[in-house]
Amino acid sequence: MFCFSYVTFETDSIYVNKLIYYGESSDILATILVTGGGGYIGSHTCVELLNSNHCVISVDNYCNSSKESLNRVEMITGKKIISYCGDIRNPDILRKIFRENKIDAVIHFAGLKSVKESVLNPLEYYDNNVCGTINLCEIMKEFLVKNLVFSSSATVYNSDLTSPFNEEMPVGKVSSPYGRTKYVIEEILRDLKNSDIEWSISILRYFNPVGAHESGLIGEDPLGIPNNLMPFVSKVALGIFPYLTVFSKDYNTRDGTCIRDYIHVMDLARGHLLALEKILSENGIEVYNLGSGMGYSVLEFIDAFEKICESKINYKIGEKRQGDLPIVYADTTKAREELGFKVIYDIKKMCVDTLNWQRKNPSGYSNTR
Ligand code: NAD
Ligand code: UFG
């Protein structure tokens, strides 16, 4: 039997009805609402979801992404995404989505993520991230959909801890409003679960997601000058920026630069599928670190990238960046034992795929934003 459905799309406030082919209905495992599906991690997770025969619905207001990423996801997978343009703080758009689709679970990526911006505009961050999540949970509750995977961050761990971080370690002593939004949301989700045992929630604390889908069709596309290491390094490699500033060589680490746990975005995406399987099969609330469990210094990272692009990455040593911790990497035991999660891709592959994406899309999705 084939499965078709009429859905109403909102595209720049024009409503169009489209007949969507989902494939054979017996093939569909579950219908997943992905908030922030057009973004970096969301789009890569959509690929994994579609490839695993889930039906994917995305809601995104594209404040930090382009609709083009979802077109590319459809190109990669040969499957359709049901996509809504809207803000998760708007209850009407969420009600419309839940009315029009029989959703089994939500993977919630939508949020603002710049540490620097959050210091300048804390209210915007609390409103978008915290109020957005509350609104989403309200509507999920209204429609009796109580399965949720939430994008948290390693940044919630207390800043005075020693790596590797495990999920039992204390959280909340964070250094930015952005980090605090993630911590507050984690607490809200715990309270929600305490209030109603039917909720099934997986909180995923990402370490440093990098890389791109190996097709080079989707990847990370930050607006303006990137804050993060990988997008900056790849733009230096392509000559878009003349040099990278390494934020200090005075840390107490093996070469004086900060150590981070980089994880390939496709490994991260796979982690979401494992978390999804878990919440769909049993109730509970669990927190998982998603990282590789290995730490690379900034200079080691530059060295790895130079080997892949076969040219020199110019860099200068600069001042420390406020809030940077010397060493951050994950203890991945819990995700391995309970989800069966293990990274496949190494730092070389992270660099190869980023460079491929950057070479094929030197301006990202910019001409389509
Ligand atoms: P991203 O900015 O690429 O994706 C977020 C998406 O959410 C964007 O498409 C944006 O347009 C959308 N969005 C934001 N606010 C929205 C709203 N109110 N309504 C609808 N859509 C909205 O970011 P990403 O790197 O893909 O991160 C996804 C999630 O993972 C975020 O919650 C982020 O905080 C978290 N996270 C990211 C990292 C990282 O380094 N990338 C690390 C830890 C946690
Ligand atoms: N770095 C530089 N120069 C740059 C950019 C970064 O030297 O131009 C260094 C930073 O000092 C840090 C490392 O590269 O030591 C990684 O920095 P990123 O900005 O790429 O990543 P962060 O570790 O600061 O933060 C990332 C995400 C956050 C998340 C955090 C969790 O961006 O959203 O990981 O640990 F909260």
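Counting starts at 1 for both ligands and their atoms, in listed order.
Ligand 1 lies within reach of Lys182, whose nearest heavy atom is under 4.0 Å from it. The shell of residues lying under 4.0 angstrom from ligand 1, judged by heavy atoms, excludes Gly132. In this structure, Ser43 has no heavy atom closer than 4.0 Å to ligand 1.
Which of Ile185, Asn61, Asn208 comes nearest to atom 22 (C) of ligand 1 through a heavy atom is settled by distance: it is Asn61. For the residues Phe150, Phe207, Phe109, the heavy atom positioned nearest atom 32 (O) of ligand 1 is part of Phe109. Here the shortest heavy-atom distance to atom 5 (C) of ligand 1, taken over Gly38, Gly111, Ser114, Ser151, belongs to Gly111.
At a 3.5 angstrom cut-off on N or O pairs, Ser65 counts as close to ligand 1. The shortest N or O to N or O distance between Tyr206 and ligand 1 is not under 3.5 Å. Checked against a 3.5 angstrom limit, the closest N/O atoms of Ser152 and ligand 1 fall outside it. On a distance-only criterion, Pro209 and ligand 1 share no N/O pair closer than 3.5 Å.
Between Tyr288 and Ser202, the closest heavy-atom pair is CD1-OG, 3.7 Å. Considering all non-hydrogen atoms of both residues, Val236 and Pro242 come closest at CG1-O, 4.1 Å. Nearest approach of Glu306 to Ile313, heavy atoms of both residues: OE2-N, 2.9 Å. What you find for Ile82 and Cys55 is that their closest heavy atoms are CD1-SG, 4.3 Å.
Listed by atom number, the atoms of ligand 1 under 4.0 Å from Gly86 heavy atoms are 19 (N), 20 (C). Heavy-atom contacts of Asn128 reach the following atoms of ligand 1: 15 (N), 16 (C), 17 (C), 18 (N) (cutoff under 4.0 Å). Of all atoms in ligand 1, numbered sequentially from 1 with element shown, those under 4.0 Å from a heavy atom of Cys63 are 10 (C), 11 (O), 13 (N), 14 (C), 15 (N). Near Tyr178, with a cut-off below 4.0 Å to any heavy atom, the atoms of ligand 1 are 33 (C), 34 (O), 35 (C), 36 (N), 43 (C), 44 (C). Here is the list of ligand 1 atoms found below 4.0 Å of a heavy atom in Ala110: 7 (O), 13 (N), 16 (C), 21 (N), 22 (C). The Tyr62 neighbourhood of ligand 1 comprises atoms 11 (O), with distances under 4.0 Å to a heavy atom of that residue.
For atom 19 (N) of ligand 1, the closest heavy atom belonging to the protein is Ile88 N, 3.0 Å. Taking atom 10 (C) of ligand 1 as the reference point, the nearest protein heavy-atom neighbour is Asp60 OD1, 3.5 Å. Distance from atom 27 (O) of ligand 1 to its nearest protein heavy atom, with residue and atom name: Ile41 CD1, 3.7 Å.
Under the 4.0 Å criterion applied to side-chain N and carboxylate O atoms, Asp303 and Lys307 are assigned as salt-bridge partners. Between Asp346 and Lys349, none of the side-chain N atoms (NZ, or NE/NH1/NH2) sits under 4.0 Å from a carboxylate O, so this pair counts as no salt bridge. The pair Glu168-Lys334 fails the salt-bridge criterion, with no side-chain N (NZ, NE, NH1 or NH2) lying under 4.0 Å from an Asp/Glu carboxylate O. A salt bridge does not link Glu167 with Arg205: every distance from a Lys NZ or Arg NE/NH1/NH2 to an Asp or Glu carboxylate oxygen is 4.0 Å or more. A salt bridge links Arg89 to Asp87: one of the charged nitrogens lies within less than 4.0 Å of a carboxylate oxygen.
Counting only N and O atoms by type, the side chains of Lys113 and Asn129 include no donor and acceptor under 3.5 Å apart.
The side-chain heavy atoms of Met294 and Tyr329, taken from C-beta on, include no pair separated by under 4.5 Å.
Among the candidates Lys182, His108, Glu138, the single residue satisfying the side-chain hydrogen bond (donor to acceptor under 3.5 Å, both in side chains) test with Thr133 is His108.
The aromatic rings of Phe305 and Phe301 lie parallel to each other, their planes meeting at an angle below 30°, with 60° marking the opposite boundary. Ring geometry for Tyr178 against Tyr125 counts as perpendicular: the plane angle is over 60°, on a 0 to 90° scale with 30° as the lower cut.
With hydrogens and angles ignored, the 3.5 Å screen pairs a side-chain donor or acceptor of His44 with a backbone N or O of His213.
If you look at ligand 2, the protein residues with a non-hydrogen atom under 4.0 Å away are Ser153, Ala154, Thr155, Tyr178, Phe207, Asn208, Asn227, Asn228, Leu229, Leu244, Thr245, Val246, Phe247, Cys258, Arg260, Tyr262, Val298, Arg321, Asp324.
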